[in-house]
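Here is the structure we will look at, set down as structure tokens.
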Amino acid sequence: RRVHGARGHTCEHKPGWTHVCPLAGCHGHAYNFKLDAAINDDDVIFEQPQGVRFVVDEMSLDKIGRGSVLSHVSSVKETKFVIEKNPLADSECGCKVSFALKGT
């Protein structure tokens, strides 16, 4: 529901939530989400029956393990998407923005 609400206001041409894991944050890597209409050749697309697309570049996909969960979190302070239960993450910061990979 949150994705559909944001989708119509920001982009045209069936946007998707793009996710990349740049080297950033207090734990080495950061979860980074943005609403984007551009899809690159090396992107992997996960499309839900409701038409919501979650797009991950191939390099970042190596940092998100099978079984990871995309959740929408809302509080008085903020509303955001977070990745939870990433089996490849050794630790993460309290705000769930950055994480350290196992074995690094």
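Hydrogens, waters and symmetry mates are skipped; everything else that's a heavy atom, side chains included, is used.
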Mind checking whether Ile83 and Leu70 have side chains closer than 4.5 Å, heavy atoms only?
yes
Could you grab the distance from atom CG of Asp42 to atom CG of Leu61, nearest 0.5 Å is fine?
10.5 Å
Does Glu84 form a side chain to side chain contact (heavy atoms under 4.5 Å, CB included) with Ser71? I'd like the steps, not just the answer.
CA-CA 7 Å; Glu84 299 179 310; Ser71 298; 2.6 Å; yes
Side chain to side chain contact (heavy atoms under 4.5 Å, CB included) between Phe54 and Phe81, worked out
CA-CA 11 Å; Phe54 183 64; Phe81 288 98; over 6 Å; no
Treating Asn40 as the side-chain partner and Asp43 as the backbone partner, does any N or O pair qualify as donor plus acceptor under 3.5 Å?
no
Answer whether the closest heavy-atom distance between the side chains of Val82 and His72 falls below 4.5 Å.
no
Any Ile64 side-chain heavy atom under 4.5 Å of Phe99 side chain
no
CD/Glu92 to OH/Tyr31 distance, rounded to the nearest 0.5 angstrom?
6.0 Å
Counting N and O atoms only, with roles assigned by atom type, does the side chain of Asp36 sit under 3.5 Å from a partner on the main chain of Ala38, one being a donor and the other an acceptor?
yes
Side chain proximity check, His29 to Leu101, heavy atoms < 4.5 angstrom:
yes
Hydrophobic clustering (ILVMFWY, side-chain heavy atoms < 4.5 Å, transitive) - are Ile39 and Met59 grouped together?
no
Linking I/L/V/M/F/W/Y whenever any side-chain heavy atoms sit under 4.5 Å apart, do Leu88 and Phe46 land together?
yes
Would you check if the side chain of Asn86 reaches a backbone N or O of Ser68 as a donor-acceptor pair within less than 3.5 Å?
no
